[in-house]
Undergrad: 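This structure is in structure tokens; I'll ask about it shortly.
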Number of protein chains: 2
Amino acid sequence: MVETTRLRETVRETVRDTVRETVRSAGRTTGRGAETRERILDAALESFGTIGYDGTSLDDLAAGLGIRKQTILYHYVNKRGLLGAVVDRSAGDLTAALLEVLEEEATDWQRVEALVRTVFRVALEQPLLLGLLREVSRPGSPAAPRLRSTMGPLLDRAMAWMNREMETGRMRRTDPQLVLLSAYSTVVGLATEIEVLRAAGLEPTARTVVTRRRELLRFLRTSLDPQR
Amino acid sequence: MVETTRLRETVRETVRDTVRETVRSAGRTTGRGAETRERILDAALESFGTIGYDGTSLDDLAAGLGIRKQTILYHYVNKRGLLGAVVDRSAGDLTAALLEVLEEEATDWQRVEALVRTVFRVALEQPLLLGLLREVSRPGSPAAPRLRSTMGPLLDRAMAWMNREMETGRMRRTDPQLVLLSAYSTVVGLATEIEVLRAAGLEPTARTVVTRRRELLRFLRTSLDPQR
DNA sequence: CGGACTTTCTACCAGATGGTAGAGGGACTT
DNA sequence: AAGTCCCTCTACCATCTGGTAGAAAGTCCG
């Protein structure tokens, strides 16, 4: 009830954005502006992931890049479109890395382990990605549906696979959704954790991440392994 | 570099707020305005915890309460002061609940378990608290230092206790900070988790929470129990 | 009643925000 | 050289933001 005005606005914008395109120069991937477009995405990822969507102003973003705000709005229809593009690219990176793992030949547990390691590797290489994920997974975030549509198929595939494994008895019977959710929130928790450490004045070491990963793997093993 | 202006502003405001008081009507806890003040806090907690600090406008907040924005600003010096008050009250509730547990007679492991259960119980009773925690623990949040100063002593006490237990050998030797951090991010992860579930169209059941709690307890046991 | 104090309101403002309109320049094609 | 397309810019705007000033109304006390 507090944010009635805001909500109405959100709905209207969502509809409009679906009709239009997110990226103005859709299709064109070469040309002089391609580099600018990437630079904008990089800066936006950093800003959205740290100070958040609402906390980011297009003017500040542009100033940091040494360009005018209007240049940003030339490449991306509006602020929301920019967020969409950032989410798409990031989710795309993650999806690509995961699909690569899925191509490999591996037994079930090896595959699970490989997936977890991949996610953590990507998260370590691109720590900003975790911040973005955290921001976007917030209730009412303008990009929540977008993230879902990008990552959704992959998650559905994972759940279908788990269901199959359970039917053949190679995997212990549990709720796939719950397991995936736990895994997900563990990874996102990492983002929080790293930031809290930093706020406490400690530079996060690899130790934090390793501990977390081991913990997650142990959880998955005891959840899935039919032997235990 | 992107948010130079914003950062400078933040620092200035922090200094000013430390000098002034957060609540205008400090000391007075009775009177007609007391109820209004509480209602404002309730609404602010909900808004800050869901759509975030930056996403919350004082006008919307007031409109939701059927009052004018200026009434809010009469009770709390400014927006930041309001956030401070919300954080203080929430952290106070949690601290009180934890201190109560600490008063009880209990062996070491029982006490740890009781603390964990208390935190989860409070989180379940006041789900908004988790959202707030999530918002406030964001890097550069205006209230991060405030949270630290409210909860800090309790955390220091916990760490001191753990160190003592380790010296007497009743607790396995590990890094107390890391253990507390893990516990913390597990709880905050709950907030994320619940919201993601809701976004996926599922009403979160107690099951999610129970799973998470069991997981955390197992982690703590294997981290701390000298027998294992 | 009359004054003091608390609370809520109306009126207003300076600055920032996302966004539009349209000019100008550079590069490439014909 | 002229035209076309891509890109970035200046100029401007409506709206919203947090915040201030001060009036009006209620309440309490002598």
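Side chains are part of it too, since the values below use all heavy atoms of this structure and drop only hydrogens, waters and symmetry mates. The model shown is predicted, which means the values in this text are computed figures rather than measured ones. Each chain gets a letter, A, B and so on, in the order the sequences are listed, and its residues count up from 1.
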Undergrad: When you match G66(B) and K69(A) each to their closest nucleotide on DNA chain C, which lands nearer the 5' end?
TA: G66(B)

Undergrad: Quickly work out the D59(B) CG to dC13(C) P distance and round it to whole Å.
TA: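 Those two atoms, CG and P, are 16 Å apart.
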
Undergrad: Return the nearest nucleotide to the side chain of L58(A); candidates are dC9(D), dG18(C), dC9(C).
TA: dG18(C)

Undergrad: For the CZ atom on R121(A), are there more than 12 heavy atoms of other groups (residues, nucleotides or ligands in this structure) within a distance under 6.0 Å?
TA: yes

Undergrad: Within the pair Y74(B) and dT7(C), is there a side-chain N or O less than 4.0 Å away from OP1 or OP2?
TA: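 Result: yes.
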
Undergrad: Would you kindly give the CD-to-P distance between E35(B) and dT8(C), to the nearest whole Å?
TA: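 One finds 9 Å between P of dT8(C) and CD of E35(B), rounded.
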
Undergrad: Counting side-chain heavy atoms from CB outward, which of dT17(C), dT8(D), dG19(D) is closest to H75(A)?
TA: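 The answer is dT8(D).
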
Undergrad: Taking only the side-chain nitrogens and oxygens of T36(B), find out if one of them lies under 4.0 Å from OP1 or OP2 of dT8(C).
TA: yes

Undergrad: Rounded to whole Å, how long is the line connecting atom CG of L73(A) with atom P of dC9(D)?
TA: 12 Å

Undergrad: Rounded to whole Å, how long is the line connecting atom CG of D54(A) with atom P of dA16(C)?
TA: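 The answer, rounded to whole Å, is 18 Å.
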
Undergrad: Phosphate oxygens OP1/OP2 of dC16(D): is one of them under 4.0 Å from a side-chain N or O of S57(B)?
TA: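 False: S57(B) side-chain N/O out of range (4.0 Å or more) of dC16(D) OP1/OP2.
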
Undergrad: Output the rounded distance in Å from CD1 (I67(B)) to C1' (dT10(C)).
TA: 15 Å

Undergrad: Could you tell me whether the side chains of S185(A) and R212(B) share a donor-acceptor contact shorter than 3.5 Å?
TA: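 Side chains of S185(A) and R212(B): pair found under 3.5 Å.
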
Undergrad: Which heavy-atom pair separates T150(B) from P153(B) by the least distance, and what is that distance?
TA: O-CD, 3.7 Å

Undergrad: Roughly how many Å is it from CG in L83(B) to C1' in dG18(D), rounded to a whole number?
TA: 14 Å

Undergrad: For atom CD of E125(A), decide whether the heavy atoms of other residues, nucleotides or ligands shown that lie under 6.0 angstrom number more than 12.
TA: yes

Undergrad: Look at R37(A) together with D42(A) and state whether they make a salt bridge at an N to O cut-off of under 4.0 Å.
TA: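 Salt bridge between R37(A) and D42(A), a charged N being under 4.0 Å from a carboxylate O: no.
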
Undergrad: From CD1 of I72(B) over to C1' of dG19(D), roughly how many Å is that when rounded to an integer?
TA: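 For the pair I72(B) CD1 and dG19(D) C1', the rounded distance is 12 Å.
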
Undergrad: Give the nucleotide from the list dT8(D), dT20(C), dG19(D) with an atom nearest to the side chain of Q70(A).
TA: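 Nucleotide nearest to Q70(A)'s side chain: dT20(C).
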
Undergrad: Which whole-number value in Å describes the distance from R68(B) CZ to dG18(D) C1'?
TA: 17 Å

